[in-house]
Number of protein chains: 2
Amino acid sequence: MKKSKTTIRDIAGALSVTSSTVSRALNNHPAISDDTKQLVTAMARQMNYKPNRLAAALRSGKSMNIGVIVPMVERSIFAAIIRGIEEVVAQSGYGIIMCQTYDELRYEKRAFDTLFRSQVDGVIASATRSSGNIELYKSVIEEDIPLILFDRSIDELGVSSVVVDDFKGGYEATRHLIEQGCRKIVHFAGDLDIKIYQERLKGYKAALAEEGIKFEAHRVINCPSDIERGRKAAEQIILDNDIPDAIFSSSDFAALGALQVLKSKFKIPEDIAIVGFANEPFTSFVEPAMTTVNQHGRDMGRLAAKAFLDCVANRKGYVPRQIVLQPELIVRASSKKLN
Amino acid sequence: MKKSKTTIRDIAGALSVTSSTVSRALNNHPAISDDTKQLVTAMARQMNYKPNRLAAALRSGKSMNIGVIVPMVERSIFAAIIRGIEEVVAQSGYGIIMCQTYDELRYEKRAFDTLFRSQVDGVIASATRSSGNIELYKSVIEEDIPLILFDRSIDELGVSSVVVDDFKGGYEATRHLIEQGCRKIVHFAGDLDIKIYQERLKGYKAALAEEGIKFEAHRVINCPSDIERGRKAAEQIILDNDIPDAIFSSSDFAALGALQVLKSKFKIPEDIAIVGFANEPFTSFVEPAMTTVNQHGRDMGRLAAKAFLDCVANRKGYVPRQIVLQPELIVRASSKKLN
DNA sequence: CTGAAAGCGCTAACAT
DNA sequence: ATGTTAGCGCTTTCAG
């Protein structure tokens, strides 16, 4: 039953043609007669032929695989992005090698190692903290393989990227809070080594400034994207005497943690309004439903993938472009003061 | 700057040895002197050498990539499994090519295509609906590449698998409900083409039978794993006159949908208790917190990966084994009647 | 329209 | 401990 796998040479033998012909027929080369193509594909099926992409890749220099690097697939934004990427690249015959960094440099390094050794035709990645890893990305560029960044980009690299306007997201979230009458707005800042979190913070500051509300450094609390850390931060707030009237969190997870602890002692949103960031599915069904910022993950994935395809299509004349998606504030009960 | 990539031959040239020596040195072959290894690795780094896995794979017949097929990465159980797999196989130098089926045969087919063509050294997969795709899995076996199934296995295949005892999960969930005093227990059944959902249903029936509660077919409602479908099902229940005192849902998502609509009209859990399945993160923070069944995703992934490694280690003498994990009922507020 | 020939970069007997 | 040799399965000029 189990004989050595059929190769194009076997097919060629069975048909008394050469492997070149078979190869061309299989790849739908224009200079092959329809008759031959018919014969070859029929025989291929009959012999249960499975092309060996590795060999093709080695010879042609194209692996038809692209690497996708995300912090972690559990985050719905990244799952959505992967789906978006997959949708478009699959149509061009590409497979995806997915790597997760868990936001740690050593995993990020390993990811690049895996991808290089697999000879991927391109890398679509979201960078981790923006220090220490630039060399990694530069090495991709030096190897001359297309690199597209999404969500968290690295400007110095000058490659194509698809990001959401985090500044605007932070700005609108904060502005919305101010419009609800909030004045003492706490910001849960993410890792400020990462640009997107810097931007969200800047947006927050800009909105305050615009409304003439003085920025107070002690209202910015370092709080990673994690429910438990959100709880801790909220507990700290309660201990302090200076209770805010709103929280704008740079992540839905931290916002949720805060919501959980605060709602036992305060009315949400009347006493304290809460806004998160990322539009994780759970935001729509926690109580009260949480206001958040939608980042259009699937679109981001699709656009990144298209950028990659573009880049491959005109290898030489490709000009990188920065695509900036508009975030969308989704207002829900957690921030609607009815005054 | 950008010259053609360095190969082992280049290194060999620079060192006046042969490429075999370089190859062996790089692979830490025992029969190479430490001096030479030192020299070679130093030169490799200096010349910025990046091994071409494709070539190695073509020659050695091992791609050092394994394929992982899941329905969709958004489901936290699958994200957890992937993480478990990755943890284990990465240590042995394997990369992961991830494919999603979205529970549709055509995507499942495409996944296998991608994996075959990439010459993966193994496939770790969760099957979709258990009809129509068996041929796909058989073809993997015929190609003689290790296949491990998880979560949703296919018994006829006789390969190693790691699953959770869905029967027991269904049984315990239902039993718990009965212990709370519930008698009219509705079951939201998943796609009964898929074995895990059949098992959960059987467990439900078994628990009823054990307690002498008559099984009533109309209490089994077809309801896929989807919030919206759960809402619809709950709305239908309200329209009917025969209000149940509990719902055991085969998925957390459907359970959540039901919870959302029911809690406006009924007291949960006093009037209607609710139990889900899968321990999605959101179950712990919806209100009331939802009782559910934990499937130990990360462990499942780890075990599946270990099975794969085992299988590779003793290719000939490998005996497939079925690993069955014990589900864990996590009791939360949505099902605790305080009578 | 098809054939012949030459590898892609690496590994693995078999030598020495 | 290292060198020689022969490909893995496919693509791709260059001929005809």
Side-chain angles (χ1 to χ4, degrees), chain A residues 3-41 43-44 47-65 93 116-121 143-145, chain B residues 3-41 43-44 47-65 93 116-121 143-145:
Chain A
K3 45 203 67 163
S4 56
K5 310 177 61 144
T6 37
T7 72
I8 53 171
R9 212 125 52 207
D10 301 330
I11 301 179
L15 256 34
S16 304
V17 294
T18 62
S19 53
S20 327
T21 304
V22 175
S23 170
R24 284 190 271 246
L26 255 18
N27 289 300
N28 202 28
H29 189 109
I32 290 285
S33 73
D34 283 350
D35 290 353
T36 319
K37 280 180 188 167
Q38 226 82 72
L39 253 46
V40 169
T41 43
M43 182 56 77
M47 299 179 75
N48 191 29
Y49 168 74
K50 297 268 181 1
N52 184 335
R53 228 201 214 179
L54 257 34
L58 179 58
R59 182 60 236 244
S60 67
K62 327 192 75 302
S63 71
M64 293 308 276
N65 266 146
F116 272 131
R117 305 196 325 184
S118 305
Q119 306 286 114
V120 291
D121 292 341
E143 291 295 324
D144 214 41
I145 100 172
Chain B
K3 45 202 67 163
S4 55
K5 309 178 60 142
T6 30
T7 73
I8 53 170
R9 212 125 55 206
D10 301 332
I11 301 179
L15 254 34
S16 305
V17 293
T18 62
S19 52
S20 329
T21 304
V22 175
S23 171
R24 285 190 273 248
L26 255 19
N27 290 298
N28 203 28
H29 188 107
I32 289 284
S33 73
D34 283 352
D35 289 355
T36 320
K37 281 180 188 166
Q38 227 82 72
L39 253 48
V40 170
T41 43
M43 181 56 77
M47 298 178 77
N48 191 28
Y49 168 74
K50 295 270 182 358
N52 183 336
R53 231 203 213 175
L54 258 34
L58 180 59
R59 183 60 238 248
S60 67
K62 328 193 74 303
S63 70
M64 292 309 278
N65 266 147
F116 273 131
R117 305 195 326 184
S118 307
Q119 307 288 112
V120 291
D121 293 341
E143 291 293 325
D144 213 43
I145 102 170

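Just so you know, these numbers use all the heavy atoms, side chains as well, and skip hydrogens, waters and symmetry mates. Labels below follow one simple rule: chain letters A, B, ... track the order of the sequence lines, proteins then strands, and each chain is numbered from 1.
Here the P atom of nucleotide D/dC8 and the CG atom of A/Leu58 are 13 Å apart, to the nearest Å. Between the NE2 atom of B/His29 and the P atom of D/dT2 there is a distance of 11 Å, given to the nearest Å. One interatomic measurement links the two molecules: CD1 of B/Ile32 to C1' of C/dT11, which rounds to 13 Å at whole-angstrom precision. For A/Asn28 and C/dT2, the CG to P distance is 13 Å, given to the nearest whole Å. In this structure, NZ of A/Lys37 is placed 11 Å from C1' of C/dC1, rounded to the nearest angstrom. Summarising the geometry, the separation between CG on A/Asp121 and C1' on C/dC8 is reported as 14 Å, rounded to the nearest angstrom. C/dC8 atom C1' lies 13 Å from atom CG of B/Asp10, rounded to whole Å. One interatomic measurement links the two molecules: CG of B/Leu54 to P of C/dT11, which rounds to 12 Å at whole-angstrom precision.
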Legend entry - Base versus backbone protein contacts along nucleotides 10-16 of chain D [heavy-atom cut-off under 4.0 Å; B, S, -]: BBBB---
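In this structure, CZ on B/Arg117 lies 9.0 Å from CG on A/Asn65, to the nearest 0.5 angstrom. Taken from OG in A/Ser20 to CD1 in A/Ile8, the straight-line distance is 7.5 Å, to the nearest 0.5 Å. To the nearest 0.5 angstrom, B/Leu26 atom CG is 12.5 Å from B/Met43 atom CE. A distance of 5.0 Å separates CG of A/Leu15 from CG of A/Leu39, quoted to the nearest 0.5 Å.
Formation of a donor-acceptor pair under 3.5 Å by the A/Arg53 side chain with backbone atoms of A/Met64 is found in this model. At least one donor-acceptor pair closer than 3.5 Å links the side chain of A/Lys37 to the backbone N or O of A/His29.
Here the closest non-hydrogen pair linking B/Val120 and B/Ile145 is O-CD1, 3.5 Å. What you find for A/Ala57 and A/Ser63 is that their closest heavy atoms are CB-CA, 3.6 Å.
A/Thr18 and A/Thr21 form a side-chain donor-acceptor contact under 3.5 Å, judged by distance and modelled atom types alone.
Comparing the end axes of the helix from C/dC1-D/dG16 to C/dT16-D/dA1, each fitted to five base pairs by superposing C1' atoms of four pairs onto the next four, gives an inter-axis angle of 30° (nearest 10 degrees).
Closest to the B/Ser33 side chain, of the nucleotides C/dG9, D/dT2, C/dT2, is D/dT2.
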